[in-house]
Each structure stands twice: as C-alpha cells, then as structure tokens.
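For reference, the structure is listed below as structure tokens.
One-based numbering, in listed order, for ligands and for the atoms of each.
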Amino acid sequence: MMPSTRYDADAGSAGAPIEGARVHTGGLDATGMRFGVVVSRFNDIISTRLLDGAVEALRHHGVGPGDIEVVWVPGAFEIPIAARELAQLGGVDAVVCLGAVIRGDTPHFDYVAGEASRGVASVHATTGVPATFGVLTCDTLEQARDRAGGTYGNKGAEAAVAAIEMASLLRDLRASGSESDHRAAS
Ligand code: INI
C-alpha cells in the first residue's frame, strides 16, 4: 500500500482557481520524467527504508524502469555534492535526497545536519533543478523508525512526491514563460 503523504492533491483548497489570476500548481504525473535519488549509507537501517519509500512513490506516480538513478554516499554530509553532480550532469528532472542524522552526545549532529540541509538547498539555487530534503534529523533511532515507514509515514516517499510536484511545476512555469515571451514578441 502507498504510504500516505501530506502532498495529496485533494487534501485542502491549495491550488484552487482564483478569478483574474493564473494559478500554477505542479501535478503528480511523473510519466516520462527522470529522477536522481541520493542516499547516505550512515544509519542505513533507516536510509534503506527511506529509499524503498521513495522508489515505490516514484514508480506509483508513473516513473518508468530505467528512469531512476540511485547514488549511495557515505553520510549525509556527502549528499549535496552528489546531488549537485546529478542535477548538473545526470539529465534528471529533480533529485531526491535521503538520509538519517541521529543526535549523539556531541555537537557533531548539528554540523552534519546543518551542512546537509544547506547543501541540498544550494542545489536548487545553483542548478535550477529541484532537490528535495528527505534527510531525517532526529534525537533517537525510534523517532527515525517512526518516520521511515512507521507511525508517521515515510519521509522518503514524501520527498519523492515533492520532487515530482516541483519538477512538474517547473515544467509548467517554463512553458508559461516561453508562452509569454512568444506573446511579447508577436
Ligand atoms: N552521517 C549521517 O548520515 N548520519 C549521522 O547521524 C552521522 N553522525 O551522527 O555522525 C553522520 N556522520 C557522517 C558524516 O555524514 C560524514 O560522512 C563524515 O563526517 C565524513 O565526511
């Protein structure tokens, strides 16, 4: 069964038509799209579940066989460089970033989690390819389990669905941008 996500298209009134405005929303049909998934090996008891959730969600929304590139990195700190490489050279519509940073007794957690989130965000800014953040930052292994296919769903699946929505939205915005250029030129 598909894990539920907060990205269900019919969950509320977000995206509803507004008179006098053009409203843009990304769809969830990923047919013909390609995705990169970067996943960290550290805490792989959790990250493999996030990966399962992400791949299942991508396939569920129409991503074809051969259109998912999975890249393993040692830890969450290394996710951004691989994500950027995929975004720049991998021919993908979006990159899904997955990992689990679990607090220990030292401030190491803050550095790893902070750099992972900053680095993934910078992939958007520097490449224009969406990169979504399915990296858990938890105090305990139990909290991580709950979010990797447990009580609170699967954040890997959520990150995959967010990637589809953003890839679709950007296609729409780019198409509507070139439409406006065309209108301005004629
Ligand atoms: N990497 C993680 O993905 N999760 C962690 O919880 C973690 N902790 O706690 O240390 C972690 N550390 C490794 C780090 O991501 C790098 O791989 C390492 O520092 C080498 O650069």
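Heavy atoms of Ser40 found under 4.0 angstrom from ligand 1 belong exclusively to the side chain. Under 4.0 Å from ligand 1, not a single heavy atom of Ala116 appears.
Ligand 1 is approached by Ala100 to a heavy-atom distance shorter than 4.0 Å.
Counting protein heavy atoms only, atom 17 (O) of ligand 1 is closest to Glu78 OE1, 2.6 Å.
When each of Thr127, Val120, Leu86, Val37 is checked for a side chain to side chain contact (heavy atoms under 4.5 Å, CB included) with Val95, only Leu86 meets the rule.
An N or O contact shorter than 3.5 Å is missing between Phe42 and ligand 1 by distance. Looking at ligand 1, you won't find any N or O of Val112 less than 3.5 Å from one of its N or O atoms. Checking only distances, Pro74 never comes within under 3.5 Å of ligand 1, N or O to N or O.
A 4.5 Å side-chain heavy-atom check between Arg171 and Met33 finds at least one atom pair inside the cut-off. Looking at His108 and Val112, their side chains come closer than 4.5 Å, going by heavy atoms from C-beta outward.
Remark: side-chain polar atoms of Gln143 are paired, donor with acceptor, to backbone N or O of Asp139 under 3.5 angstrom. In this structure, the side chain of Ser47 does not engage the main chain of Val39 through any donor-acceptor pair within 3.5 Å.
Transitive grouping of hydrophobic side chains (ILVMFWY, heavy atoms separated by less than 4.5 Å) brings Trp72 and Leu58 into a common cluster.
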